[in-house]
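Down below is the structure, laid out as structure tokens.
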Number of protein chains: 2
Amino acid sequence: MELINLYKCLCDVQRLRILNLLKEGPLCVCHLQEILGETQVKISKQLQYMKKLGIVLARRQGVWMVYSLPMPPHPLLLANLQGLQTCTDEFPWFAEDLKNRALILQRFADNLAECPQVVYQSASGC
Amino acid sequence: MELINLYKCLCDVQRLRILNLLKEGPLCVCHLQEILGETQVKISKQLQYMKKLGIVLARRQGVWMVYSLPMPPHPLLLANLQGLQTCTDEFPWFAEDLKNRALILQRFADNLAECPQVVYQSASGC
DNA sequence: TTAATATATACCATAGTAAGGATATACTAA
DNA sequence: TTAGTATATCCTTACTATGGTATATATTAA
């Protein structure tokens with residue numbers, strides 16, 4: 001992976017939000033779609049873009065595609081996501097997104113009918 | 001300045017090299033041109049790009065245009081340039097450029113006929 | 001004024017990126 | 001097999017970025 005590619009991913013707000021979410025753990029497209037409030041095509045394309053550049057990984061789990069960061073995530077990526085956390089005025093969605101992610105995981109824990117094949121816990125190793 | 005713009009500048013090798021140099025202090029176009037070994041047009045365009053995004057500042061000093069980082073430089077920019085210093089395998093020019101910059105400044109100190117109007121020392125405040 | 005130097009801009013071609021709509025693919029369930 | 005769901009791809013259009021050549025601008029020196 002070329003480091004330049006990291007910056008190519010960071011220079012777009014949607015991709016930044018996706019990486020911020022994936023930093024916490026794997027997510028499937030439908031959940032990213034729900035959190036970002038974007039169309040399926042847009043999310044999917046951004047994921048393809050980052051996958052092609054080697055910044056995210058994809059793995060199929062039943063009907064779902066689960067995206068994640070390579071382990072361990074590049075320290076420079078983590079440092080940037082960390083540093084951006086404090087810029088709440090410019091990136092208000094940074095914390096909001098993480099909150100919504102937690103809600104979804106909670107909902108998923110309560111109701112296994114939703115995304116039943118996706119066991120994010122077991123995906124932490126990919 | 002929007003932080004996203006910072007990443008837009010970082011995602012290109014030439015711009016990265018320029019920022020790495022400006023981190024050490026102001027430089028005029030001709031010196032950047034000499035260090036990077038690129039054409040005047042390319043350097044100038046990259047500088048315009050970053051200036052438009054609010055990442056670098058420009059000030060005329062006689063015939064020369066002196067470019068610099070806004071003071072104080074954004075911590076996220078410094079953190080990234082710092083973090084990249086260690087990636088000598090991927091960015092071998094990172095240290096080389098700084099060495100060449102030092103040589104130019106030395107040469108300038110020895111011979112004032114070169115870029116006589118440019119007093120980089122006095123430019124540190126811009 | 002004229003000439004010379006440093007730098008920016010205009011113009012053109014090419015490539016990369018982004019967004020939307022429609023459609024295709026892959027998998028699951030029945 | 002069929003239908004349904006999740007995701008990816010194709011196609012078009014528009015915008016942004018990159019690179020090159022030529023030219024314009026600004027400043028200095030004579």
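Naming convention: chains lettered A, B, ... in sequence-line order (proteins, then strands); numbering from 1 in each chain.
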What integer distance in Å separates [X]:[atom1] from [N]:[atom2]?
X     : N      : atom1 : atom2 : value
A:W64 : D:dA8  : CH2   : P     : 14 Å
B:M50 : C:dA8  : CE    : C1'   : 15 Å
A:D12 : D:dC15 : CG    : C1'   : 14 Å
B:H31 : C:dT5  : NE2   : P     : 16 Å
B:Q46 : D:dG20 : CD    : C1'   : 14 Å
A:K45 : D:dT13 : NZ    : P     : 14 Å
A:Y67 : D:dA6  : OH    : C1'   : 11 Å
B:K8  : C:dA18 : NZ    : C1'   : 12 Å

Checklist line | Cluster check B:L32, B:L53: I/L/V/M/F/W/Y, side chain < 4.5 angstrom | finding: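 Cluster IDs for B:L32 and B:L53 match.
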Checklist line | Transitive ILVMFWY side-chain link B:I18 to B:V13, under 4.5 Å | finding: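 Same hydrophobic cluster.
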Next item on the list: Would you check if A:V29 and A:W64 make a side-chain contact, meaning some heavy-atom pair closer than 4.5 Å?
Entry: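 They are not in side-chain contact.
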Checklist line | Side-chain touch B:L19/B:M50, heavy atoms, less than 4.5 angstrom | finding: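 When only atoms from C-beta onward are counted, B:M50 and B:L19 do touch, with a gap below 4.5 Å.
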Notebook entry, point to check: In terms of side-chain heavy atoms of A:M65, which of D:dT28, C:dA19, D:dT7 is nearest?
Noted result: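 The listed nucleotide nearest to A:M65's side chain is D:dT7.
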Under-4.0 Å side-chain N/O to phosphate OP1/OP2 contact, [X] with [N]:
X     : N      : answer
B:S44 : C:dA8  : yes
A:R15 : C:dA18 : yes
B:Y49 : C:dT9  : no
B:R60 : D:dT28 : no

Notebook entry, point to check: For A:E38 and A:Q14, does a side-chain donor sit closer than 3.5 Å to a side-chain acceptor?
Noted result: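 Looking only at side-chain atoms, A:Q14 and A:E38 do form a donor-acceptor pair, the distance falling under 3.5 Å.
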Check: Does a salt bridge link A:R101 with A:E34, judged by any charged N lying under 4.0 Å from a carboxylate O?
Finding: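 Result for this pair is no, no salt bridge flagged.
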Item checked: Gap between atom CG of A:L16 and atom CG of A:N80 - 0.5 Å precision ->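 Atom-to-atom, A:N80:CG and A:L16:CG are 8.5 Å apart.
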Next item on the list: Name every residue in residues 35-43 of chain B that has at least one heavy atom under 4.0 Å from any atom of DNA chain D, in order of residue number, or write none if there are no such residues.
Entry: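 The answer is B:V41, B:K42.
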